[in-house]
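Okay, structure first, notes after.
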Amino acid sequence: MGTSLDIRLKRANKIYHEGEIVSGVVVITSKDTVHHQGISLTMEGSVNLQLSAKSVGVFEAFYNSVKPIQLISCNVEISKQGKLPSGKTEIPFEFPLQMKGNKVLYETYHGVFVNIQYTLKCDIRRSLLAKDLTKSCEFIVHSLPQKGKLSPSPVDFTIAPETLQNIKEIAGSHVLHQNWSLNCCLLNICKILPSH
């Protein structure tokens, strides 16, 4: 079996908001005593630009000049050099999900060209004869609705075949015609959009 390493967050859904505490346990399981040079845990958040196979030219030049943007980075040594007993060892941890200064903590996003990701990474450094162990775990940052900053004004729109681009008529297809009204710029994707 060897030695296994896992990161378990207290929240099963792994969703956190700015200002909250990201907490959980690092779990090390081994049938033998584990000698190590130290155990560290790193919390990172970054914005990465992703290149699509279809994009060429100017976008490629821009992509090659942009490095990942670090949003948040915290590192803590959760265990000094030593040894862990055989069996299961759990080491609790807590990280405040707080930005310094006036920086913004963006929501987790996995898109075609942009990726905003937050991860926890645990490293167990071991001697030259034993391979180092590493485990990563992604968690999700979700922004709370901003109250008082937006003044809602309804925007009406219609979805119909004549208002859509790149739609070919298919024989026997349903005729789509729907009227909608948006009351705000920020929508919760977990809620159903009402139509009228």
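As a basis for the values below, the full set of heavy atoms in this structure was taken, side chains included, without hydrogen atoms, waters or symmetry mates.
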Short N-O contact, Lys10 and Glu94, less than 4.0 angstrom: no
Check ion pair Arg125-Glu77 (N to O, under 4.0 angstrom): yes
Heavy-atom pair with the smallest gap, counting every atom of [X] and [Y]:
X: Phe95; Y: Cys74; answer: CE2-CB, 3.7 Å
X: Asn75; Y: Leu41; answer: OD1-O, 3.2 Å
X: Gln81; Y: His36; answer: CG-O, 3.3 Å
X: Ser30; Y: Thr3; answer: OG-OG1, 3.2 Å
X: His142; Y: Ile15; answer: CB-CG2, 3.7 Å

I'd like to check [X] versus [Y] (side-chain heavy atoms, cut-off strictly below 4.5 Å). Are they in contact?
X: His35; Y: Arg126; result: no
X: Thr29; Y: Asp6; result: no
X: Asn48; Y: Ile116; result: no
X: Ile91; Y: Val25; result: no
X: Val22; Y: Leu120; result: yes
X: Leu97; Y: His17; result: no
X: Ile69; Y: Ser46; result: no
X: Asp123; Y: Ile39; result: no

Evaluate side chain to side chain contact (heavy atoms under 4.5 Å, CB included) for Cys137 paired with Thr119, printing each intermediate quantity in order. CA-CA 6 Å; Cys137 170; Thr119 58; over 6 Å; no
Rounded distance [0.5 Å steps], [atom1] in [X] versus [atom2] in [Y]:
X: Glu107; Y: Glu18; atom1: CD; atom2: CD; answer: 11.5 Å
X: Ile7; Y: Lys121; atom1: CD1; atom2: NZ; answer: 10.0 Å
X: Ile124; Y: Lys131; atom1: CD1; atom2: NZ; answer: 13.0 Å
X: Ser136; Y: Gln117; atom1: OG; atom2: CD; answer: 9.0 Å

Would you please classify the geometry between the Tyr118 ring and the Phe139 ring as parallel, tilted or perpendicular, with 30° and 60° separating the classes? tilted
Sub-3.5 Å donor-acceptor pair from the side chain of Thr108 to the main-chain atoms of Val141, do we have one? yes
Using atom types as modelled and distance alone, determine if a side-chain donor or acceptor of Glu44 lies under 3.5 Å from a backbone N or O of Ser73. no
Pair Ser86, Lys31 - check side chain to side chain contact (heavy atoms under 4.5 Å, CB included), show working. CA-CA 5 Å; Ser86 61; Lys31 61 181 178 179; 5.8 Å; no
For Phe93, I'd like to know if atom CZ has over 12 heavy atoms of other residues, nucleotides or ligands within 6.0 Å. yes
For Thr33 and Leu84, what are the C-alpha separation, side-chain angles and deciding distance, and is it a side chain to side chain contact (heavy atoms under 4.5 Å, CB included)? CA-CA 6 Å; Thr33 301; Leu84 300 171; over 6 Å; no
So if you build clusters from Ile, Leu, Val, Met, Phe, Trp, Tyr with side-chain heavy-atom gaps below 4.5 Å, do [X] and [Y] land together?
X: Val26; Y: Ile21; answer: no
X: Val27; Y: Leu5; answer: no
X: Val76; Y: Met43; answer: yes
X: Ile140; Y: Ile72; answer: no

Side chain to side chain contact (heavy atoms under 4.5 Å, CB included), that's the test. Do Val47 and Val114 meet it? Break it down for me. CA-CA 7 Å; Val47 178; Val114 177; 4.1 Å; yes
